[in-house]
Amino acid sequence: MKYNRILLKLSGESLQGAQGYGLSTDVLHSYAAQIRQAVEAGVQVAVVIGGGNIFRGLQGAGRGFDRVKGDQMGMLATIINSLALQSALENDGVRARVLTSIRMEPIGEYYAKARALEYLAAGEVVIIGGGTSNPFFTTDSAAALRAVEIEADVLLKGTRVDGVYTADPEKDPTAEKFDAVSFDEVYSRGLKVMDLTAFTLCKENRMPIEVFDMDTEGNLMRLLAGEKIGTLVHL
């Protein structure tokens with residue numbers, strides 16, 4: 001395999017599938033199957049999931065919610081998604097643990113690096129919910145933080161788009177895809193990969209990012225096997 005330990009960032013919006021809200025069991029089963037294949041191949045898998053399919057703090061602030069309260073509601077949404085993925089993985093025969101950045105036993109264990117590494121070494125999938133536990137930080141930032149903290153080989157950003165483009169490919173049909181692009185070029189071109197806080201954390205800690213389409217079943221294993229299916233962001 002190309003990588004031994006990965007941090008997989010999943011979009012909350014992707015979990016809603018075609019229904020446009022909530023949780024799609026089809027998407028959960030697809031993600032669980034792909035993660036199971038990675039674990040069976042010997043890859044250590046940690047996961048951070050967004051919560052936008054349930055509640056997004058910024059959207060709440062736009063509707064009159066206090067921003068801090070809105071972000072806290074978003075953190076709880078990520079934990080709901082984490083539990084859903086854990087259930088899907090366990091139904092597929094994969095051992096999985098939910099660790100939370102906010103104390104809420106027995107829903108999940110309180111996150112600690114040593115605990116996460118112990119479970120990863122034992123072949124369990126570690127799902128880290130609750131974001132960074134702080135308002136004003138996105139789940140991209142949480143994914144970058146946890147990837148650096150657990151010393152992952154790479155941060156894999158699974159989205160519905162198959163890489164980084166010169167423009168939004170869903171809006172501009174002339175947009176061209178990068179096979180690889182440097183952190184500095186992403187900055188200079190103003191490309192959209194992650195929010196700047198998350199992106200800068202990865203750059204400063206030499207954490208490569210691979211952006212790929214997670215919604216096409218089998219893509220995770222193709223990427224781990226070394227196939228160039230997404231975009232590698234590197235130093």
Side-chain angles (χ1 to χ4, degrees), residues 6-35 45-63 65 67-90 96-102 104 107-108 111 125-147 155-162 168 170 192-199 201-202 209-217 219-220 230:
I6 64 171
L7 189 294
L8 176 62
K9 168 59 169 60
L10 297 175
S11 160
E13 285 89 343
S14 292
L15 290 181
Q16 65 195 10
Q19 64 195 25
Y21 65 93
L23 291 161
S24 163
T25 54
D26 290 340
V27 173
L28 284 167
H29 291 324
S30 172
Y31 286 180
Q34 293 189 72
I35 292 170
V45 182
V47 183
V48 169
I49 313 176
N53 57 316
I54 299 172
F55 191 89
R56 183 183 293 277
L58 272 174
Q59 291 174 347
R63 298 198 298 265
F65 284 94
R67 174 64 191 273
V68 173
K69 289 288 190 297
D71 282 353
Q72 289 169 339
M73 293 165 71
M75 293 174 208
L76 296 177
T78 71
I79 293 169
I80 291 172
N81 286 340
S82 297
L83 293 170
L85 181 62
Q86 179 191 33
S87 179
L89 285 165
E90 290 175 343
R97 301 263 186 165
V98 171
L99 305 184
T100 63
S101 59
I102 307 161
M104 52 175 58
I107 289 172
Y111 170 81
V125 175
V126 172
I127 308 166
I128 308 169
T132 67
S133 82
N134 299 293
F136 301 99
F137 288 90
T138 67
T139 48
D140 277 352
S141 292
L145 173 64
R146 301 311 180 198
L155 194 166
L156 300 183
K157 185 173 171 63
T159 71
R160 63 186 181 190
V161 180
D162 64 346
D168 186 343
E170 295 182 342
K192 302 297 183 183
V193 177
M194 308 176 89
D195 70 78
L196 284 178
T197 301
F199 192 75
L201 184 60
C202 286
I209 305 166
E210 287 219 45
V211 182
F212 74 109
D213 172 17
M214 181 72 179
D215 290 351
T216 298
E217 197 152 345
N219 269 359
L220 179 59

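Sequential numbering from 1 along the given sequence is applied to the chain's residues. None of these values were measured; they are calculated from a predicted model.
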Assess whether side chain to side chain contact (heavy atoms under 4.5 Å, CB included) is satisfied between Met75 and Ile79, documenting all intermediate values. CA-CA 7 Å; Met75 293 174 208; Ile79 293 169; 5.7 Å; no
So, do Leu85 and Leu89 sit near enough that their side-chain heavy atoms are less than 4.5 Å apart? yes
Side chains of Ser133 and Tyr111, heavy atoms from C-beta outward: is any pair under 4.5 Å? no
So does Asp26 get a backbone contact from the side chain of Ser30, meaning a donor-acceptor N/O pair under 3.5 Å? no
Per salt bridge (charged side-chain N to carboxylate O under 4.0 Å, His left out), Lys157 is matched among Asp162, Asp140, Asp213 by Asp140
What is the distance from atom CD1 of Ile35 to atom CD1 of Ile127, rounded to the nearest 0.5 Å? 7.0 Å
Is a donor on one side and an acceptor on the other found under 3.5 Å between the side chain of Glu210 and the backbone of Gly230? no
Would you give the length of the straight line joining atom CE of Met194 to atom NZ of Lys9, rounded to the nearest 0.5 angstrom? 6.5 Å
Going by heavy atoms in the side chains, are Ser101 and Arg146 under 4.5 Å from each other? yes
Donor-acceptor pair, distance only, cut-off 3.5 Å: does the side chain of Ser24 make one with the backbone of Val27? yes
For Phe137, does the CZ atom sit with more than 12 other heavy atoms under 6.0 Å from it, leaving out its own atoms? no
Here the gap from Leu15 atom CG to Asn53 atom CG, rounded to the nearest 0.5 Å, amounts to 5.0 Å
Evaluate the side chain to side chain contact (heavy atoms under 4.5 Å, CB included) criterion for residues Leu76 and Met104: first the C-alpha distance (whole Å), next the side-chain angles of each, then the deciding distance (0.1 Å), finally the verdict. CA-CA 10 Å; Leu76 296 177; Met104 52 175 58; 3.7 Å; yes
Is there a donor-acceptor pair closer than 3.5 Å between any side-chain N or O of Gln86 and the backbone N or O of Glu90? no
Between Ile49 and Thr139, is a side chain to side chain contact (heavy atoms under 4.5 Å, CB included) present by the stated rule, with each step listed? CA-CA 7 Å; Ile49 313 176; Thr139 48; over 6 Å; no
Distance, nearest 0.5 Å, that separates CZ of Phe212 from CG of Leu220: 5.0 Å
State, to 0.1 Å, how close Leu8 and Met214 come at their nearest heavy-atom pair, and which atoms those are. CD2-CE, 4.0 Å
Please examine the side chains of Ile107 and Val98, heavy atoms only from C-beta on, and report whether any two atoms are closer than 4.5 Å. no
From Phe55 CZ over to Thr78 OG1, what is the distance, rounded to the nearest 0.5 angstrom? 13.0 Å
Partner set under ring pair (Phe, Tyr, Trp, His ring centres under 6.0 Å) for Phe199, not counting sequence neighbours: Phe183, Tyr187
Shortest non-hydrogen pair, Ala144 vs Ala198, comes out as CB-O, 3.6 Å
Lys192 side chain near Asp168 side chain, heavy-atom distance below 4.5 Å: no
How far does CD1 of Ile102 sit from CD of Gln72, to the nearest 0.5 angstrom? 7.5 Å
Side-chain heavy-atom pair Val193, Val211 within 4.5 angstrom cut-off: yes
Any side-chain heavy atom of Leu201 within less than 4.5 Å of one from Ser141? no
Using side-chain heavy atoms (C-beta onward) and a distance below 4.5 Å, is Ile54 in contact with Tyr21? no
Nearest non-hydrogen partners of Leu155 and Cys202, listed with the distance: CD1-SG, 3.9 Å
Stepwise, does the side chain to side chain contact (heavy atoms under 4.5 Å, CB included) test hold for Val47 with Val125? CA-CA 8 Å; Val47 183; Val125 175; 4.0 Å; yes
